[in-house]
Amino acid sequence: MNMFCKSRLLIPGILLLLWACTSQPPEPVTVKIASGNRPEWLSRSFNDENWKSGNGTAHKGISTLRFHIGLRSDSLNPVVRGVRIIALGAFDAYWDDRYIGSGGRVGNSPGEEIPGKHASVIPLPDSLVKTGEHLLALRVSNYHYQRNYAFFNVRTGPYTDLLTRPFRMGGLMAVLAGFFIIGALYYTFMFLQHSGEKLYLVFSVLCQLFLCLLLVEYLPLIWSYPYPMQVIRLELIGLLGLGIAFLIPYFLNRQLNSFDPLKFNGSVGMLLLGVFGWFHGRYDLTSQV
(Lines give C-alpha, C1' and ligand atoms only; values in the text may rest on other atoms or scores of the structure.)
Protein backbone atom coordinates (compact mmCIF):
# COMPACT_ATOMS: atom_id res chain seq x y z
CA MET A 1 0.00 0.00 0.00
CA ASN A 2 1.20 3.52 -0.79
CA MET A 3 2.99 5.03 2.22
CA PHE A 4 1.26 8.36 1.65
CA CYS A 5 -2.14 6.71 2.03
CA LYS A 6 -1.02 4.98 5.22
CA SER A 7 0.01 8.33 6.69
CA ARG A 8 -3.68 9.22 6.99
CA LEU A 9 -3.48 7.73 10.48
CA LEU A 10 -1.67 10.89 11.54
CA ILE A 11 -4.28 13.35 10.25
CA PRO A 12 -6.99 12.81 12.93
CA GLY A 13 -4.38 13.05 15.66
CA ILE A 14 -2.95 16.29 14.29
CA LEU A 15 -6.41 17.88 14.01
CA LEU A 16 -7.33 16.85 17.55
CA LEU A 17 -3.98 18.09 18.84
CA LEU A 18 -4.50 21.51 17.24
CA TRP A 19 -8.03 21.70 18.65
CA ALA A 20 -6.88 20.66 22.12
CA CYS A 21 -4.15 23.30 22.17
CA THR A 22 -6.69 26.14 21.89
CA SER A 23 -6.99 27.69 25.33
CA GLN A 24 -10.08 28.97 27.05
CA PRO A 25 -10.41 32.78 26.81
CA PRO A 26 -9.27 34.42 30.05
CA GLU A 27 -11.68 36.32 32.25
CA PRO A 28 -11.61 40.08 31.60
CA VAL A 29 -9.29 41.65 34.17
CA THR A 30 -7.25 44.79 34.54
CA VAL A 31 -3.74 44.01 35.69
CA LYS A 32 -1.33 46.54 37.21
CA ILE A 33 2.26 45.87 38.19
CA ALA A 34 5.08 47.65 40.01
CA SER A 35 8.52 46.63 41.24
CA GLY A 36 8.94 46.62 44.99
CA ASN A 37 7.21 45.53 48.14
CA ARG A 38 5.08 47.96 50.16
CA PRO A 39 2.26 46.72 52.42
CA GLU A 40 -0.23 49.34 51.20
CA TRP A 41 0.12 48.07 47.62
CA LEU A 42 -1.77 44.93 48.65
CA SER A 43 -4.77 46.92 49.84
CA ARG A 44 -7.98 47.15 47.84
CA SER A 45 -8.26 50.85 48.65
CA PHE A 46 -4.84 51.70 47.16
CA ASN A 47 -5.01 53.79 43.96
CA ASP A 48 -2.92 52.08 41.26
CA GLU A 49 -4.09 54.33 38.43
CA ASN A 50 -0.53 55.41 37.61
CA TRP A 51 0.88 51.89 37.65
CA LYS A 52 2.04 50.12 34.52
CA SER A 53 -0.49 47.77 32.95
CA GLY A 54 0.67 44.20 32.38
CA ASN A 55 0.96 40.79 33.92
CA GLY A 56 4.69 40.27 33.41
CA THR A 57 7.97 41.78 34.51
CA ALA A 58 11.63 41.75 33.56
CA HIS A 59 12.54 42.80 37.10
CA LYS A 60 14.46 40.21 39.11
CA GLY A 61 13.35 40.45 42.69
CA ILE A 62 10.12 41.33 44.46
CA SER A 63 7.20 42.84 42.54
CA THR A 64 3.53 43.47 43.25
CA LEU A 65 0.69 42.67 40.84
CA ARG A 66 -2.92 43.81 41.24
CA PHE A 67 -5.62 41.91 39.31
CA HIS A 68 -8.95 43.76 39.19
CA ILE A 69 -11.52 41.02 38.62
CA GLY A 70 -15.19 41.65 37.92
CA LEU A 71 -17.65 38.95 39.05
CA ARG A 72 -21.12 38.96 37.49
CA SER A 73 -24.20 37.76 39.30
CA ASP A 74 -24.77 34.99 36.74
CA SER A 75 -21.32 33.59 37.46
CA LEU A 76 -21.90 33.21 41.19
CA ASN A 77 -23.32 29.72 41.55
CA PRO A 78 -23.98 28.33 45.05
CA VAL A 79 -20.65 26.52 45.11
CA VAL A 80 -17.25 27.21 46.62
CA ARG A 81 -15.25 29.37 44.24
CA GLY A 82 -11.53 29.50 43.81
CA VAL A 83 -8.73 31.12 41.87
CA ARG A 84 -6.13 29.38 39.71
CA ILE A 85 -2.79 31.17 39.70
CA ILE A 86 -0.13 30.53 37.05
CA ALA A 87 3.08 32.00 38.42
CA LEU A 88 6.68 32.07 37.24
CA GLY A 89 7.76 32.96 40.74
CA ALA A 90 6.99 32.48 44.40
CA PHE A 91 3.97 34.47 45.59
CA ASP A 92 1.74 35.53 48.47
CA ALA A 93 -1.90 36.07 47.44
CA TYR A 94 -4.44 38.51 48.96
CA TRP A 95 -8.12 38.68 47.92
CA ASP A 96 -9.79 41.94 48.96
CA ASP A 97 -7.17 42.54 51.69
CA ARG A 98 -7.40 39.01 53.08
CA TYR A 99 -4.49 36.59 52.80
CA ILE A 100 -5.65 33.43 50.98
CA GLY A 101 -2.48 31.46 50.29
CA SER A 102 1.08 31.23 48.97
CA GLY A 103 3.14 29.45 46.37
CA GLY A 104 6.59 28.72 47.74
CA ARG A 105 8.16 31.46 49.85
CA VAL A 106 8.76 35.01 48.67
CA GLY A 107 12.31 36.11 49.43
CA ASN A 108 14.62 39.10 49.16
CA SER A 109 17.37 36.99 47.58
CA PRO A 110 17.73 33.69 45.71
CA GLY A 111 18.72 32.02 48.97
CA GLU A 112 15.64 33.24 50.81
CA GLU A 113 13.17 32.38 48.08
CA ILE A 114 11.63 28.91 47.92
CA PRO A 115 10.27 28.33 44.39
CA GLY A 116 6.54 27.72 44.20
CA LYS A 117 4.57 25.56 41.81
CA HIS A 118 3.88 26.66 38.27
CA ALA A 119 0.12 26.38 38.91
CA SER A 120 -1.82 26.64 42.18
CA VAL A 121 -5.55 26.51 42.97
CA ILE A 122 -6.71 28.35 46.08
CA PRO A 123 -10.28 28.43 47.49
CA LEU A 124 -11.90 31.82 48.11
CA PRO A 125 -13.81 32.73 51.28
CA ASP A 126 -17.58 32.70 50.66
CA SER A 127 -17.94 36.01 52.47
CA LEU A 128 -15.67 37.72 49.93
CA VAL A 129 -17.22 36.39 46.73
CA LYS A 130 -19.90 38.94 45.84
CA THR A 131 -21.11 40.55 42.64
CA GLY A 132 -18.87 43.43 41.56
CA GLU A 133 -15.17 44.21 41.31
CA HIS A 134 -12.61 42.44 43.46
CA LEU A 135 -8.86 42.72 43.88
CA LEU A 136 -6.39 39.86 43.83
CA ALA A 137 -3.00 41.21 44.89
CA LEU A 138 0.15 39.13 44.47
CA ARG A 139 3.49 39.82 46.09
CA VAL A 140 5.97 37.83 44.01
CA SER A 141 9.68 37.09 43.70
CA ASN A 142 11.23 35.41 40.66
CA TYR A 143 14.94 34.93 41.39
CA HIS A 144 15.00 31.34 40.07
CA TYR A 145 13.43 32.03 36.68
CA GLN A 146 16.17 31.68 34.05
CA ARG A 147 14.67 34.02 31.46
CA ASN A 148 14.28 37.79 31.38
CA TYR A 149 10.50 38.04 31.53
CA ALA A 150 8.23 36.31 34.07
CA PHE A 151 4.45 36.09 33.61
CA PHE A 152 1.60 35.74 36.09
CA ASN A 153 -1.98 34.81 35.17
CA VAL A 154 -5.13 34.15 37.17
CA ARG A 155 -8.55 32.65 36.50
CA THR A 156 -11.52 32.32 38.85
CA GLY A 157 -14.28 29.73 38.81
CA PRO A 158 -15.87 26.95 40.84
CA TYR A 159 -13.14 25.49 43.04
CA THR A 160 -13.82 21.85 42.12
CA ASP A 161 -13.93 22.74 38.41
CA LEU A 162 -10.53 24.44 38.62
CA LEU A 163 -9.16 21.31 40.28
CA THR A 164 -10.73 18.71 38.00
CA ARG A 165 -10.63 20.43 34.59
CA PRO A 166 -6.98 19.43 33.98
CA PHE A 167 -7.91 15.78 34.54
CA ARG A 168 -10.81 16.03 32.08
CA MET A 169 -8.38 17.45 29.53
CA GLY A 170 -6.09 14.57 30.39
CA GLY A 171 -8.68 12.17 28.95
CA LEU A 172 -8.39 13.87 25.57
CA MET A 173 -4.61 13.77 25.89
CA ALA A 174 -4.80 10.00 26.39
CA VAL A 175 -6.88 9.62 23.20
CA LEU A 176 -4.36 11.65 21.20
CA ALA A 177 -1.47 9.73 22.74
CA GLY A 178 -3.13 6.52 21.60
CA PHE A 179 -3.07 7.68 17.96
CA PHE A 180 0.64 8.28 18.05
CA ILE A 181 1.56 5.19 20.11
CA ILE A 182 -0.28 2.94 17.64
CA GLY A 183 1.33 4.73 14.70
CA ALA A 184 4.82 4.51 16.19
CA LEU A 185 4.53 0.80 17.05
CA TYR A 186 2.91 -0.17 13.75
CA TYR A 187 5.44 1.56 11.51
CA THR A 188 8.35 0.37 13.62
CA PHE A 189 7.09 -3.17 13.07
CA MET A 190 6.67 -2.48 9.35
CA PHE A 191 10.24 -1.17 9.17
CA LEU A 192 11.54 -4.34 10.84
CA GLN A 193 9.64 -6.42 8.32
CA HIS A 194 10.71 -4.29 5.35
CA SER A 195 14.11 -2.91 6.32
CA GLY A 196 14.66 -1.56 2.83
CA GLU A 197 11.79 0.91 3.20
CA LYS A 198 13.32 3.68 5.34
CA LEU A 199 10.16 5.81 5.18
CA TYR A 200 8.52 3.40 7.64
CA LEU A 201 11.18 4.33 10.18
CA VAL A 202 10.85 8.04 9.41
CA PHE A 203 7.10 7.91 9.96
CA SER A 204 7.56 5.97 13.20
CA VAL A 205 9.98 8.61 14.50
CA LEU A 206 7.52 11.32 13.46
CA CYS A 207 4.78 9.66 15.51
CA GLN A 208 7.15 9.38 18.47
CA LEU A 209 8.01 13.08 18.25
CA PHE A 210 4.33 14.00 18.16
CA LEU A 211 3.74 11.78 21.19
CA CYS A 212 6.58 13.42 23.11
CA LEU A 213 5.36 16.89 22.12
CA LEU A 214 1.89 16.02 23.37
CA LEU A 215 3.21 14.75 26.70
CA VAL A 216 5.47 17.77 27.27
CA GLU A 217 2.75 20.22 26.16
CA TYR A 218 0.25 18.74 28.62
CA LEU A 219 2.74 18.06 31.41
CA PRO A 220 1.05 20.67 33.68
CA LEU A 221 -2.11 18.51 33.64
CA ILE A 222 -0.38 15.63 35.38
CA TRP A 223 2.38 17.34 37.38
CA SER A 224 2.39 20.65 39.21
CA TYR A 225 6.10 21.21 38.77
CA PRO A 226 8.23 23.97 40.40
CA TYR A 227 8.21 27.13 38.29
CA PRO A 228 11.96 27.05 37.35
CA MET A 229 11.22 23.91 35.28
CA GLN A 230 8.99 25.94 32.95
CA VAL A 231 12.01 27.01 30.88
CA ILE A 232 13.15 23.38 30.49
CA ARG A 233 9.65 22.40 29.35
CA LEU A 234 9.49 25.25 26.83
CA GLU A 235 12.93 24.39 25.45
CA LEU A 236 11.83 20.78 24.93
CA ILE A 237 8.67 21.94 23.15
CA GLY A 238 10.80 24.07 20.84
CA LEU A 239 13.23 21.24 20.03
CA LEU A 240 10.42 18.74 19.41
CA GLY A 241 8.64 21.25 17.20
CA LEU A 242 11.86 21.78 15.27
CA GLY A 243 12.24 18.05 14.66
CA ILE A 244 8.61 17.67 13.54
CA ALA A 245 8.81 20.71 11.26
CA PHE A 246 11.79 19.13 9.51
CA LEU A 247 10.53 15.55 9.27
CA ILE A 248 7.11 16.35 7.77
CA PRO A 249 8.45 18.02 4.58
CA TYR A 250 11.29 15.47 4.48
CA PHE A 251 8.77 12.62 4.57
CA LEU A 252 6.46 14.15 1.97
CA ASN A 253 9.32 14.99 -0.39
CA ARG A 254 10.70 11.45 -0.13
CA GLN A 255 7.23 10.07 -0.77
CA LEU A 256 6.32 12.32 -3.70
CA ASN A 257 9.84 12.83 -5.18
CA SER A 258 9.10 16.50 -5.89
CA PHE A 259 12.53 18.08 -5.25
CA ASP A 260 16.16 17.10 -5.14
CA PRO A 261 16.50 15.58 -1.61
CA LEU A 262 19.90 17.10 -0.77
CA LYS A 263 19.01 20.66 -1.80
CA PHE A 264 15.49 20.46 -0.37
CA ASN A 265 16.53 19.05 3.01
CA GLY A 266 19.40 21.51 3.28
CA SER A 267 17.15 24.48 2.51
CA VAL A 268 14.44 23.38 4.94
CA GLY A 269 17.01 22.63 7.64
CA MET A 270 18.73 26.03 7.34
CA LEU A 271 15.37 27.82 7.31
CA LEU A 272 14.16 26.04 10.44
CA LEU A 273 17.44 26.52 12.29
CA GLY A 274 17.32 30.21 11.38
CA VAL A 275 13.77 30.54 12.72
CA PHE A 276 14.67 28.60 15.88
CA GLY A 277 17.77 30.72 16.53
CA TRP A 278 16.22 34.10 15.68
CA PHE A 279 13.10 33.65 17.80
CA HIS A 280 14.72 31.60 20.56
CA GLY A 281 13.46 32.67 23.97
CA ARG A 282 10.11 33.89 22.58
CA TYR A 283 8.66 30.44 22.95
CA ASP A 284 5.04 30.90 21.84
CA LEU A 285 6.13 32.90 18.79
CA THR A 286 8.78 30.31 17.92
CA SER A 287 6.20 27.51 17.99
CA GLN A 288 3.74 29.51 15.88
CA VAL A 289 6.35 30.35 13.25
Side-chain angles (χ1 to χ4, degrees), residues 26-27 29-69 81-125 128-129 133-156 159 162-163 219-220 223-238 280-284:
E27 292 185 357
V29 294
T30 301
V31 188
K32 300 284 187 168
I33 185 170
S35 301
N37 175 26
R38 294 173 58 179
E40 61 268 26
W41 290 356
L42 303 173
S43 173
R44 183 178 181 181
S45 60
F46 178 78
N47 184 1
D48 58 15
E49 183 178 351
N50 295 324
W51 280 27
K52 176 184 177 182
S53 297
N55 66 330
T57 178
H59 172 70
K60 285 290 186 183
I62 297 183
S63 301
T64 302
L65 293 97
R66 294 167 58 88
F67 293 82
H68 297 270
I69 303 173
R81 295 187 66 82
V83 58
R84 179 178 175 86
I85 301 174
I86 305 295
L88 295 179
F91 68 87
D92 294 326
Y94 295 81
W95 179 274
D96 290 346
D97 302 333
R98 180 181 296 186
Y99 171 79
I100 58 172
S102 298
R105 185 179 70 189
V106 178
N108 293 306
S109 66
E112 288 185 13
E113 179 191 303
I114 297 178
K117 302 296 185 183
H118 171 254
S120 304
V121 179
I122 302 174
L124 296 174
L128 297 181
V129 182
E133 184 177 293
H134 299 267
L135 175 75
L136 175 66
L138 298 181
R139 178 172 55 216
V140 304
S141 63
N142 59 345
Y143 290 103
H144 293 88
Y145 189 60
Q146 302 96 323
R147 288 294 178 263
N148 295 329
Y149 209 77
F151 290 92
F152 303 85
N153 293 300
V154 303
R155 183 175 181 83
T156 63
Y159 180 64
L162 293 174
L163 286 174
L219 183 63
W223 180 31
S224 182
Y225 49 84
Y227 82 84
M229 287 200 62
Q230 177 71 353
V231 170
I232 299 175
R233 172 176 166 265
L234 295 175
E235 291 285 359
L236 287 174
I237 290 174
H280 184 257
R282 291 171 282 179
Y283 297 106
D284 290 338

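Only heavy atoms go into these numbers, but all of them, side chains included; no hydrogens, no water, no symmetry mates.
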Distance in Å, K52 NZ paired with K32 NZ, rounded so as to fall on 0.5 Å steps: 11.5 Å

Might you point out which heavy atoms bring H144 and P110 nearest each other, and give the distance in Å? CE1-O, 3.1 Å

Any salt bridge between D97 and R44, counting N to O under 4.0 Å? no

Rounded to the nearest 0.5 Å, what's the gap from NZ on K117 to CD on Q230? Could you check? 13.5 Å

Are side-chain heavy atoms of F91 and Y227 found at a separation under 4.5 Å? no

With side-chain contact (heavy atoms from CB on, under 4.5 Å) as the criterion, how do R38 and F46 come out once you've worked through the C-alpha distance, each side chain's angles and the decisive distance to 0.1 Å? CA-CA 11 Å; R38 294 173 58 179; F46 178 78; 5.9 Å; no

Dump the intermediate steps for side-chain contact (heavy atoms from CB on, under 4.5 Å) on E113 and V106, then the final yes or no. CA-CA 5 Å; E113 179 191 303; V106 178; over 6 Å; no

Shortest non-hydrogen contact between G89 and F152, atoms and distance: N-CE2, 3.9 Å

Keeping the roles fixed (side chain from D92, backbone from S102), state whether a donor-acceptor pair exists under 3.5 Å. no

Interatomic distance, S43 atom OG to D48 atom CG [nearest 0.5 angstrom]: 10.5 Å

Between P125 and I100, which heavy-atom pair has the shortest distance, and what is it? CD-CG2, 4.1 Å

Are H68 and L135 side-chain neighbours, meaning at least one heavy-atom pair lies under 4.5 Å? yes

Y94 meets the side chain to side chain donor-acceptor pair (under 3.5 Å) criterion, sequence neighbours left out, with R139

Heavy-atom pair with the smallest gap, counting every atom of G107 and S141: N-OG, 3.3 Å

Closest non-hydrogen contact found for Y143 with S109 is CE1-N, 3.5 Å

Donor-acceptor contact below 3.5 Å, side chain N142 vs main chain H59: yes

Residues in side-chain contact (heavy atoms from CB on, under 4.5 Å) contact with A119, at least two apart in sequence or another chain: R84, I86

Contacts of type ring-ring contact (aromatic ring centres under 6.0 Å, His included), residue H134, not counting sequence neighbours: W95

Let me confirm one number: the OG1-CD1 distance from T57 to I62, rounded to the nearest 0.5 Å. 12.0 Å

Which atom names give the shortest non-hydrogen contact between W41 and T64, and what distance separates them? CE3-OG1, 3.6 Å

Going from CG on L136 to CD1 on I69, what distance comes out if it is rounded to the nearest 0.5 angstrom? 5.0 Å

From I85 CD1 over to T156 OG1, what is the distance, rounded to the nearest 0.5 angstrom? 11.0 Å

Does any non-hydrogen side-chain atom of P220 lie less than 4.5 Å from one of R233? yes

Determine the interplanar angle of the Y225 and H118 rings, folded into 0 to 90°, and report it as parallel if under 30°, tilted if 30 to 60°, perpendicular if over 60°. parallel

